[in-house]
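These notes are about the structure you will find just below.
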Amino acid sequence: MQSRPGSRLLLLLLSLPLAALSVSVPGAEEQAAMGPREPVVLIIGAGISGIGAAEKLHKGGFRNVKILEATGRTGGRIRTQSFAKGVVEIGAQWIHGPSPGNAVFQLASQFGLLGPDALLEENQKMYLPSYPPTFQAMYTSSGRQIRPEEVKNVLALYESWMEEARNFTHGGCDPQDSVGNFLRQKIVNSSKEWDKKHVDLNMAFLRGALNLECCVNAAHSMDYVSLCTYGEYTILPGLDCTFPTGFESLVNNIKAPLPDGTVILNKAVKSIYWNGAFHGDNSQVYPVKVQCEDGDSFLADHVIVTVPLGFLKKRSMDFLSPPLPPSKIQAIKNLGFGTNNKIILEFEKPFWEPNTTLIQPVWDGDSPLTEPSKDLKLNWMKKLSIFVVVEPPAQLGYVLCGFIAGEESEFMETLTDEEILSSMTDYFRKFTGNPELPPPISILRSQWHSHPYTGGSYSYNAVGSSGIDLDNLAEPLPTDKEADKPLQILFAGEATIRKFYSTTHGALMSGWREAQRLIDKYPEIGATNSKAKL
Ligand code: 6YU
């Protein structure tokens, strides 16, 4: 028979160290002070959701918490790397909506990780719904620089359409409608009234805007993104900001209070067996057994699964045994999880004007009304949407970070650095109209799609999916229908949070949410352990 954590009145003294299970337990004195055996909690994945959950549980008095992480590092899709004369981000880059309601902003401010501008109250109050607001340099593929006034009107139209798209959450659309189709209709109708001399540039500009939108959503095409639920993602106020010492410094600060050995690296989980009665070396019985790829296994009372949706898409049928319920399998299938990659380039000297923050390429003759070429080898670079001038040049050097989404991005992952560098040299020579432009001196690019434990960049509401799928993915197991069984598998991660999916703050909040679920389940732990500490 399976024993329930709450009813286990044996002192922890009797719970021998779980050496064979690689789970350390508190010492005898602590156990005696504590009373009933404390639950063993395993967290799968050491991204910000997993680290955040572990830290909250630790603070809440839980002492048997371990994180099993497949790779050799913590941070997951938050990854800061040395490049040029400083550091750059391979994954998450900005705090989206840095204001008091943003959990990442709150922590980053507390840890003193932000620059003075990010802390300005006026910046925290800014509401920036869509297009990058900062100064842009736009170049055409024939090497002409576009003046902002030339695209001012079409940009205003585009922003109004995107605002309209966000309002369909209140109704008036079909679940099969896509943002792409909605925008196409707007473009077709609006273009009838455009002066002929503006049509080509407007169309080419809009194609670029759609490419950028694909990056924001990590979708191959906006035709894949649901219109009805587009506005469910909640935009927080605040002018997006970055971490001067790298985003990973946030993860390092969050994990600092965790006891040594809490995070076990290079420990990829193969399968999770639940609803069982697994006997530990300590004569205790646990409902969950986690089997790792290297043959190790761990027993637990509760497991918080934080693996990316991209991983779950590959393993939805067999990652858990008994398998996930149909509502979760359907949610994993329905939700979108696509690729947004970065190509980071260092130049000896900038070809852009000082104060430029973004460079936007505009391909002559391109249009949002025609299908992009399927010849990826020749045309993948056409999907590059925008280049951010990475700050601060004085400390870092002259670095651009380009963004590319979708199948073209996945194709880029298959190329060598040399091939990409050569293509990018041709590319910038074309856009600057300077055939002698020196090639970039170094390159770093992300490969999130081929990453075996991520399988892409982040989630989106695909056509046919809805916020209910995100809620279903967040539901713990067993479901309410099996109320007689103990709570065992909890789910966190960016794809489990309806309003803030795809973001670091969403991921962190989801980890806190599941930690809180366990804290609420064991009110005695906080009370006992804080007393023990006195
Ligand atoms: C943000 C930003 N941002 C750019 C790029 C990427 C992402 N995001 P993790 O994957 O971190 O952790 C899971 C761990 O599990 C991981 O370590 C695995 O190795 C491990 N694991 C997997 N399988 C396992 C197994 N079997 N056993 C053991 N371990 C296993 N977010 O806030 N600002 O600027 C960007 C960006 C290129 C790839 C981003 C950004 C997304 C975040 O990085 C991401 O959500 C979180 O880090 C995820 O944390 P986690 O813990 O859940 O998983 C309208 C509307 C549109 C909505 N979209 C708005 C835009 C939002 C996205 N912004 C993107 C922009 C950039 C540049």
Side-chain angles (χ1 to χ4, degrees), residues 42-53 67-79 89-98 102-105 129-130 162 165-166 179 213 215-219 225-226 229-235 240-243 247 250-251 263-272 290-293 305-312 314-315 319 336 338-342 388 401 403-405 409 445-449 451-461 491-497 499-511:
L42 290 176
I43 299 171
I44 319 283
I48 194 168
S49 59
I51 295 282
I67 306 180
L68 307 180
E69 165 55 47
T71 68
R73 55 177 288 280
T74 56
R77 282 169 275 171
I78 295 175
R79 178 166 197 161
E89 308 293 353
I90 296 292
Q93 185 150 347
W94 294 281
I95 305 182
H96 290 309
N102 184 317
V104 163
F105 177 72
S130 65
M162 292 312 290
R166 275 188 282 275
V179 176
E213 213 60 56
C215 289
V216 171
N217 290 275
V225 179
S226 162
T229 51
Y230 198 56
E232 282 213 0
Y233 172 82
T234 304
I235 299 170
D240 288 5
C241 64
T242 55
F243 287 79
F247 219 128
L250 175 70
V251 178
V263 185
I264 307 177
L265 298 175
N266 299 307
K267 202 52 80 182
V269 172
K270 189 174 169 201
S271 312
I272 302 168
V290 171
Q291 183 69 50
C292 295
E293 283 176 8
V305 176
T306 77
V307 302
L309 176 60
F311 179 83
L312 285 178
K314 289 187 271 187
R315 296 288 315 276
F319 194 49
T339 308
N340 176 21
N341 269 316
K342 297 178 173 184
V388 172
C401 173
F403 289 83
I404 180 164
S409 186
R445 47 58 193 265
S446 60
Q447 291 170 294
W448 289 106
H449 176 70
H451 191 295
Y453 297 103
T454 308
S457 300
Y458 38 92
S459 56
Y460 62 92
N461 266 323
F491 293 84
E494 57 86 9
T496 68
I497 184 155
K499 285 162 113 191
F500 301 119
Y501 60 85
S502 76
T503 63
T504 48
H505 53 280
L508 177 61
M509 286 167 76
S510 73

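Throughout, residue positions are numbered sequentially from 1 according to the sequence presented. First listed ligand is number 1; within each ligand, the first listed atom is number 1. As the structure is a computational prediction, the values presented were derived from the model and not from experiment.
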Which atom pairs, nitrogen or oxygen on both sides, join ligand 1 and the protein at under 3.5 angstrom?
residue	atom	partner	partner atom	Å
ligand 1	10 (O)	Arg77	NE	2.7
ligand 1	10 (O)	Arg77	NH2	3.2
ligand 1	11 (O)	Arg77	N	2.8
ligand 1	17 (O)	Glu69	OE1	2.7
ligand 1	17 (O)	Glu69	OE2	3.2
ligand 1	19 (O)	Glu69	OE2	2.7
ligand 1	26 (N)	Val269	O	3.0
ligand 1	27 (N)	Val269	N	2.9
ligand 1	29 (N)	Ala70	N	3.1
ligand 1	32 (O)	Thr504	N	2.8
ligand 1	32 (O)	Thr504	OG1	2.7
ligand 1	33 (N)	Trp94	O	2.7
ligand 1	33 (N)	His96	NE2	3.3
ligand 1	34 (O)	Gln93	N	3.0
ligand 1	34 (O)	Trp94	N	2.8
ligand 1	34 (O)	Trp94	O	3.4
ligand 1	43 (O)	Arg77	O	3.4
ligand 1	45 (O)	Ser502	O	3.3
ligand 1	45 (O)	Thr503	O	3.3
ligand 1	51 (O)	Ile48	N	3.3
ligand 1	51 (O)	Ser49	N	3.0
ligand 1	51 (O)	Ser49	OG	2.7
ligand 1	52 (O)	Glu494	N	2.9
ligand 1	53 (O)	Arg77	NH2	3.0
ligand 1	58 (N)	Val216	O	3.4
ligand 1	58 (N)	Ser502	OG	3.0
ligand 1	63 (N)	His96	NE2	3.0

*Arg166 side-chain N/O to Tyr233 backbone N/O, donor-acceptor pair under 3.5 Å*: no
*asked:* Between Ser409 and Asn341, is there a side-chain donor-acceptor contact under 3.5 Å, judged purely by atom types and distance?
replied: yes
_I'd like to know if the side chain of Lys267 and the backbone of Cys292 have a donor-acceptor N/O pair within less than 3.5 Å._
no
*State whether a side-chain donor-acceptor pair under 3.5 Å links Thr74 with Glu69.*
no
_Measuring only between side-chain heavy atoms, which start at C-beta, is Ile51 closer than 4.5 Å to Val263?_
yes
_Distance check, rounded to the nearest 0.5 Å: Phe247 atom CZ versus Ile90 atom CD1?_
14.0 Å
